[in-house]
Amino acid sequence: MEDNILKQEQEHLTTTYNKLLKISEELDEDIRKLDSQATEEKNDIRDNIRLDFADDETKAETYGELEVWNRYIDTYNVQSEALRNKKKRIESLLKAPYFAKITLQFDPSEEPESYYIGNVEMSENGATPIVVDWRSPIAEVYYNQENGHTFYEVNGNRIDVDLQLRRQFDLDRDKLNSYFDTQVAIEDPLLLRSLSKQRSDKMQSISATIQKEQNAVIRHPDVPALIVSGIAGSGKTSVLLQRIAYLFFKQRENLRPDQVYMITLNPVFREYIDSVLPDLGESNPNTLTWQEFMDSCGIPMADKNPAATDARDLEAIDDMLSLLVPDDGDFLPVYQKDELILSKAEVQSVVEKYNETIPMGVRLVQVVATELETRARKVFRSRKRDNKEQQGEEKAAENQLENDFGGALKTIRNCGWLNYNAISKRLIGHTPSAIEWFYLKMALTGMCDRNARYCMVDEVQNYTKAQMMILKKYFPRAKFMLLGDEFQAIRPGTVTFKELESLFSTDKKSTDTISLLTSYRSSPEITQLFTSLLPEEVRINTQSVQREGTKPLIKACSSEEYRDFLLDTIRTNTDCEGLLAVVCQNKKSLNAVKDILGQDAPQVITGDKKLPKEGAILIELSHAAGLEFDCVVIPDADASRYPDDKLSKHRLYTAMSRATRKLAVLSDGAMTPLIL
Ligand SMILES: Nc1ncnc2c1ncn2[C@@H]1O[C@H](COP(=O)(O)OP(=O)(O)OP(=O)(O)O)[C@@H](O)[C@H]1O
């Protein structure tokens, strides 16, 4: 019986694979035809087009011809991109046509129907589905992991079905290795297989093995802010990337990658995750570190250190700005190169005029900017007349002004006549940090990005409240997704989840929070060790689904034996497959380890370096956050570096939870009291 099913499924796979191959060949042919037709027409147009600008009539004709030519190129580009996208999808399906099958009975009087679920959808003759996309509504019943009567929703309409079969496949191209029929949610054989595979240097997509609670995050309806709080290795980053792919699929007509922002901890982490979305057939969104985000907003200060800002100062800006009475130090004169166009006093007088009825803030600044521009134009015109330059038609003259006085106009429009430093000082009593400066600028000028539809922040526990206030203000229309683990907050003064909830709740809607408590990364032995640092009430609900591994090594070395023991631990464990990371608490500790090991020290990975596939690396904890390694060595777990306090607990928990299969915790002298 079993063999019979295997045979039937193999036949289905062979047929599907052949259909995909045929579509792929047809696509190659279509692409070839389109390209050669485009080349032919291009040559034809090039030979026949006359670039004649002799007089107005021929000029108009030439522009007309060029317009037709441009339209033709646009149409070609659209067709070519559609074909090439389809080709990419086919190529991904040829590697693994699908990973699951569901058999559904919609109506007891009808025959059950089977659907094969894969990474992307593909249909035959543009109609009959060969493979159903994992993000399509019907695939939801696969992820709900419950056989029998269930339902899914299409455009808000509930469709009741009887899920008669939920079958998973382990396959490679057209070869079926095995299949599993899963009746209950407790065990997911495909997940266990996937977890037992060698980890790779890049994060992989998890479409085939998304678990029920993860699916709830991925398909969560849009809300102003969704907070995902999960223990180390519970799949937060994986779920984040799958959700982005899901959103692109669901809103494929109107959501573009440039409308989605992902704020990431550091460039090593960005490298680590950057192939997941392309593998799912989607583009990466705007992925920026905090520093890059601030640079892209044109924040002039070199020091953008978020630790320098207290959120209470930003709250003070919000509370006190509208009450601010203009002072002559609050404004700057407007210059065109070295020429004074509007004096500081004139700027101030305009502000004061409107401030009688409008409080200090965006509306006032906009009204003032408009009047300053009108006044500046008057000055430009008088200067032009003084210069006795020829006056053309009104429009041409205005264009000329824009050209000649562009610098001053830009200063006015960008509100460069506001002295943010001085205003900050008056509001909060000190020279502003980069974050305070930016926040004040947004509060005064309304500067923001209204185009952004989503803003995702991974490892949110490592940002300050002030940073989150900046993001919230800068992306006023975006839906937020904030993922993190409070117990991995490795920097002092970072935002708590309670603060996030109150910051992102509005009068109309509070935030939604989802918890993930299963670790998919680390072996049960490692999970047990790092979860021993969690408060009892959290720890009892956590679990690991990985297979049994080896017990972590915990060793307090004497100073004499420390070097040899550390080196030996690194060497023995580097011999096994995969990547070993020596995770040091901070730069100082990393340098100390580097010095002790001398020539034998592994290569150091810093912000802009790619992770190697295998071997050993030395890395600071702040750069290792979010990453994972086959083996982790913590070389500095002594009592002085990891005393019994909250921050040290978080740091040790974060460092230990980077390990998937092996963990060694070493100290030079007495071991940290955090490990009993
Ligand atoms: N449903 C799943 N199927 C297969 N693998 C999974 C699944 N969920 C998570 N994983 C794997 O578990 C590991 C941890 O996932 P991920 O890095 O997304 O967790 P995280 O919660 O972001 O971790 P951390 O907070 O510690 O950085 C990854 O290797 C990921 O591929």
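Order of listing sets the numbers, starting from 1, for every ligand and every atom in it. Not measured: the values here are computed from a predicted model.
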[X]: numbered ligand 1 atoms lying under 4.0 Å from its heavy atoms:
X: Glu459; value: 27 (O)
X: Ala232; value: 26 (O)
X: Gly235; value: 9 (C), 15 (O), 16 (P), 18 (O), 19 (O), 20 (P), 21 (O)
X: Glu628; value: 13 (C), 14 (C), 28 (C), 29 (O)
X: Met203; value: 16 (P), 17 (O), 18 (O)

Is a donor from one side chain sitting under 3.5 angstrom from an acceptor on the other, for [X] and [Y]?
X: Tyr98; Y: Asn119; value: no
X: Ser589; Y: Asp636; value: yes
X: Gln251; Y: Tyr246; value: no
X: Asp458; Y: Thr237; value: yes
X: His650; Y: Thr654; value: no
X: Gln168; Y: Tyr142; value: yes
X: Arg491; Y: Gln461; value: no
X: Tyr653; Y: Asp485; value: yes
X: Thr103; Y: Ser114; value: yes

[X], any N or O under 3.5 Å of ligand 1 N or O:
X: Leu627; answer: no
X: Asp485; answer: no
X: Gly233; answer: yes
X: Arg521; answer: yes
X: Gln214; answer: yes

query = With a 4.0 Å cut-off on heavy atoms, does Gly230 reach ligand 1?
reply =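 Per 4.0 Å heavy-atom rule, Gly230 does not contact ligand 1.
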request  = Assess Ser234 for proximity to ligand 1: is some non-hydrogen atom of it under 4.0 Å away?
outcome  =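 Heavy atoms of Ser234 do come under 4.0 Å of ligand 1.
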task = Kindly identify the option in Arg658, Gln461, Lys236 whose heavy atom sits closest to atom 26 (O) of ligand 1.
result =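 It is Arg658 that holds the nearest heavy atom.
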inquiry  = Heavy-atom pairs closer than 4.0 Å: do any link ligand 1 to the side chain of Asp458, the backbone, both, or neither?
reply    =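 For Asp458, there is no contact with ligand 1 at all, from either part.
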